[in-house]
Amino acid sequence: MNDLPKAYDPKNVEDDISRAWEASGYFNPDTLPIPKNAEAFSIVLPPPTVTSTLHLGHAMYVIEDVMIRHARMQGKRTLWLPGMDHAAIATQNKVERIVWDKEKKTRHDLGREELIRRIDAFVADSRSTITNQLKKMGFSLDWSRERFTLDPAISRAVQKMFVDMHTDGLIYRGSRIVNWCPRCQSTLADDEVEYKEERTPFYYFKYGPFSIATVRPETKIGDKVVIVHPKDKRYTKYHGKTFPLPWIDGDIEARVIADEASDPELGSGAMTITPAHSFVDFELAKKYGIEIENIIGQDGRLTNAAGKYAGLTTQEARKKFVEILQKKGLVEKIDENYTHNLTVCYRCGTAVEPLVSPQWFVDVNKPVVTWKGVKKSLKDVAIEVVKSGDIEIIPDRFEKTYFQWIENLHDWCISRQLWYGHRIPVWYCVGDEHEGAVCKLECRQPVVQTDHPIECRYCGSKNLRQDPDTLDTWFSSGMWTFTTLGWPEKTRDLKTFHPTNVLETGYDILFFWVARMILMTTYATGEVPFRTVYLHGLVRDKEGRKMSKSLGNIIDPLDMSAKYGTDALRLALMTGTTPGNDVNLYEEKIAGYRNFVNKFWNIARFILTTVETPRYVDTMPTLATDADRWIISRLHETTRGVNKLMDKYQYGLAIEKLYRFTWNDLADWYLEIAKVERPVIASEAKQSPLLLFILQNLLKLWHPYAPFITEHVYQMLNGHPKNMLMIETWPNEKTTQTTFAHESERAILAMQDIVNAIREKRSWLAIPYTTTLELSGKMGKAKGLEHLIEHFGKVKMVKKPQGKTLALTNGLSLSGFTGVNFEKEHAKTKKELKNLEGYITGLAKKLANEKFTSNAPKNIIEQERAKLEAATERVKDLKNKLKQLT
RNA sequence: GGGUCUGUAGCUCAGUUGGUUAGAGCGCACGAUUCACAUUCGUGAGGUCAGAGGUUCAACUCCUCUCAGGCCCACCA
């Protein structure tokens, strides 16, 4: 044991430990040595997307590893299931960009099959990188159950889900206005668009008797309806009227409709509507039966509806139309200083074009989901499961945000015009191509089924074409908790591990993902997907900024792990934050925990090299000294506190508590005391079972947070009951329960007070370190610990002090000073006395106040009284000291 | 516009059912250091807990308002 390195070197340890863990099979609940009836505990890893390698955001998975390791040590049948998400739009974009950069080819040049082949190769590559990264972080994932959202089994489940939902009328095809990205050539969900402030000319046109304003003249060519507010008196006379007017492409006729959608305060109070390219206008058009026609096509150019202007880009058309209107004298005003929010694609930043197209939707309002025996809509179930407490969201303030979002939920557009992803299981008959077939009207009906149909069920044609679109990524990830466990088969895993216990993820995907999982899972399984949703914050830099490439403030988790060790990184991520709050991470913080890990290493090293045989001590040894009883009491209190905090998901605080105990109590005091006392207690000198007992408990308590170093040290002990720390029994209060006299604890505390006071005097009065001072007076509660005080305070106990004395505390005095200027001390003492007297007056007043004594609980009154007593005692000391100093 | 979070020592943050003369780490200053650890040890200086009211015997903690920042949602012709 003497060859242990002075400094902990994580590099040499982590890989070995990782390999040993994996070889053990303990990450897999099937090969975990636990009783058959052990309680199950499961978490499904929020699947990282395969677009890139892991960043610090993913390192937050460490919270899940802590939960999992904790549960495993509590003897539960523990499963943490890994997987990755194909992230259709992001991945396809990425690969398309790579192909374009390298070969100047578009996806259409490659064709569907070739593009998919390229994507698959890219994905295989990034999957293996991600896997290695996850392993490097020490995550105890069961890799034997790894899933990918495009696995054949998952695909079948997704298609079955689609068909089931379609059968139940929850999925329908409809023409609706959608966000269209002309660059990605796909629809975007409401939450896949972003807004960017943009300065743009704001045009005012003369439209018959009205003045209308717009930033998008190119869409206005077909407008034939004016909306005014019903209560706007200026326009009452026009309600329901039609009128002719000169417009972009010749004269047209327009009509006026009164509707509250128009805001009289805004502009002229009159607006024309463009049904196909504005969400508000689309709703109005449906309400009043106005013809809905796309002016702009999916390629971002004007359609045939624009007549001779068809084919112009929106920019060209804008310029052209303004010119035309100007010539006709219809431009009233152009406001150049107008800013508005431009809608852009969250992936590529291209301006989104709202347009109308046929898409597949999930109906969130149709009451066809049976939940607890009642038919409800997806929306209602999603609200109910949280209201009823079937799902708990931590921190609970997010429940409010959740409700608000669900309540405003519209039907969910699930079709995407992408090639990468789950193909929509729908076929259309194109059957009139074979001889003799008579394609009836019904053939236009889509055939919805999981397998490729052999022939059209209406006309018998064998010429069927599958819907070219794929499903929104969130459709498949919404099913993640149960498809990964084998659904729709009634597997043992599904029975054992579903619902999962916790979903731990960032609050930024509460809507994207969490809400969708709740919708999909309750419908498919009749169960909630998870009992608890734990939301963590985002990882930011020291200034609280998001980490991004452009800011250059990105911290790579693997760099940090290589530089400071994975345990240090894990600790830095888990502390200084509470659930739902963002965590600021910076290198100094990680370095701080590297120092701690090294401290831990040296504590272990000290204990291991002190004892004759470093063995595992299971039961609490006899406690021989006051210090023994004190440290065990502290260990007990720490264990209890940590357990309590972990039950409440307060991991940051639990770490802090452990940290205090380990460094401040154990290392700074107890080990130092042990150096003094152990050699005296001869029988235990070489054994130090208590040190080993404490070490054993610490290893367990720290293991979920710092798994590598703890496992490494555990492996150095002889006679440990389990072959690995990761399956050791979690310490509970009984482990450290003691029946010792509290006097022991108080004695040590008093000793610490005295030593601290002496140290302070030494430092404050600049007494040379080599000077040995004399201590005299009654030891009070610290009686019997004189030897420790002498050792730590570097003092000599004397009965009769020589020369000048200085009152210290608790009636003790210091003497033996040489060449000390007491003026500083005098001034300080006076100041302290003054403060103290104010404090005492306050306390006395409080205690004399009848309202206080009659209202406050007894223990508080007792506490205040004790404070007063202590303060009064202290005043006596200080007065005494002043007398001596003058 | 609607919602929500944050504002505590120079910096980053704790402080969970209201009861300490308000805490930690880092940084800073001073002092130590062959004996587990300089990735160390000891000591110290720093805060009217954003501001103003209110409830209470008692408020960093609860309520109202104001100020300053962040985020989410909705987006207007």
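Values reported hereafter were calculated over all heavy atoms of this structure, with side chains retained and with hydrogens, waters and symmetry mates removed. In what follows, every chain begins at residue 1, and chains take the letters A, B, ... in the order their sequences are listed. Worth saying up front: this structure is predicted, and the values here are computed from it rather than measured.
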List for me each residue that meets ring pair (Phe, Tyr, Trp, His ring centres under 6.0 Å) alongside [X], sequence neighbours excluded, and say none if there are none.
X	answer
A:Tyr651	none
A:His277	none
A:Tyr203	A:Phe205
A:Phe398	A:Tyr507

Whole angstroms only, please: what is the [atom1]-[atom2] distance between [X] and [N]?
X	N	atom1	atom2	answer
A:Ile655	B:A24	CD1	P	18 Å
A:Arg540	B:G69	CZ	P	16 Å
A:Phe511	B:A74	CZ	C1'	12 Å
A:Asp9	B:C37	CG	P	17 Å
A:Tyr235	B:A77	OH	P	17 Å
A:Ile767	B:A32	CD1	P	13 Å
A:Phe403	B:U4	CZ	P	14 Å
A:Lys657	B:G25	NZ	C1'	17 Å

How does each nucleotide of [range] score, in 5' to 3' order, for protein heavy atoms under 4.0 Å: base (B), sugar-phosphate only (S), or none (-)?
range	result
nucleotides 16-22 of chain B	B--BSB-
nucleotides 39-48 of chain B	BSSBSS----
nucleotides 5-11 of chain B	S-----S

For [N], which nucleotide is its Watson-Crick or G-U wobble mate, given both distances must be under 3.5 Å?
N	answer
B:U55	none
B:A68	B:U6
B:G1	B:C73
B:A22	none
B:A36	none
B:A29	B:U43

Is a donor-acceptor pair below 3.5 Å formed from side chain A:Glu672 to base B:A36, judging by atom type as modelled?
-> yes

For [N] and [M], measure between their [atom1] atoms and round to the nearest Å.
N	M	atom1	answer
B:C41	B:U4	C1'	46 Å
B:G19	B:G27	P	32 Å
B:U48	B:G3	C1'	33 Å
B:U16	B:G53	C1'	26 Å
B:A68	B:C30	C1'	38 Å
B:U56	B:C76	P	49 Å
B:G7	B:G51	P	13 Å
B:U6	B:C49	C1'	14 Å

Sorted by chain and residue number, the side-chain hydrogen bond (donor to acceptor under 3.5 Å, both in side chains) partners of A:Glu825 (sequence neighbours excluded) come out as A:Lys761, A:Trp764, A:Lys881

Applying side-chain hydrogen bond (donor to acceptor under 3.5 Å, both in side chains) to A:Trp412 and not counting sequence neighbours gives A:Asp472

Exercise for review: Could you tell me whether the phosphate oxygens of B:C37, OP1 or OP2, come under 4.0 Å of any side-chain nitrogen or oxygen in A:Lys6?
Suggested key: yes

Side-chain atoms of A:Tyr769 come closest, of B:A77, B:G2, B:A32, to B:A32

The nucleotide from B:C72, B:U4, B:G23 with an atom nearest the side chain of A:Arg660 is B:G23

For A:Lys400, the side chain to side chain contact (heavy atoms under 4.5 Å, CB included) test, sequence neighbours excluded, returns none

Residues at least two apart in sequence or cross-chain that pass side chain to side chain contact (heavy atoms under 4.5 Å, CB included) with A:Thr505, listed by chain then number, are A:Pro46, A:Leu503, A:Ile509, A:Trp513, A:Val514, A:Leu535

When rounded to the nearest 0.5 Å, the distance separating CG of A:Leu698 from OG1 of A:Thr710 is 10.5 Å

Taken to the nearest 0.5 Å, the spacing of A:Asp753 CG from A:Ile758 CD1 works out to 11.0 Å

query = Which word best sums up how the rings of A:Tyr238 and A:Tyr235 line up, parallel for under 30°, tilted for 30 to 60°, or perpendicular for over 60°?
reply = tilted

For [X], report the nucleic acid contact type (base, sugar-phosphate, nothing); a contact means any heavy atom under 4.0 Å.
X	result
A:Thr401	nothing
A:Gly565	nothing
A:Gly592	nothing

Tell me, with the steps shown, if A:Tyr8 and A:Phe600 meet ring pair (Phe, Tyr, Trp, His ring centres under 6.0 Å).
-> CA-CA 9 Å; A:Tyr8 175 64; A:Phe600 189 91; 9.1 Å; no

| request: Could you verify whether a donor N or O on one side chain and an acceptor N or O on the other, from A:Tyr288 and A:Asp259, lie under 3.5 Å apart? | output: yes

Problem set entry | A:Glu14 with A:Arg570: basic N within carboxylate O range, under 4.0 Å | no

Taking for A:Lys589 and for A:Ala213 the nucleotide of RNA chain B with the nearest heavy atom, the one nearer the 5' end belongs to A:Lys589

Judged by nearest nucleotide, the residue sitting upstream toward the 5' end of RNA chain B, A:Lys400 or A:Glu588, is A:Lys400

Would you give me the side-chain donor-acceptor pairs under 3.5 Å for residues 859-869 of chain A, sequence neighbours excluded?
residue: A:Glu864; atom: OE1; partner: A:Lys846; partner atom: NZ; Å: 3.4
residue: A:Glu864; atom: OE2; partner: A:Lys867; partner atom: NZ; Å: 2.7

B:G46 glycosidic conformation (syn if within 90° of 0, otherwise anti) is syn

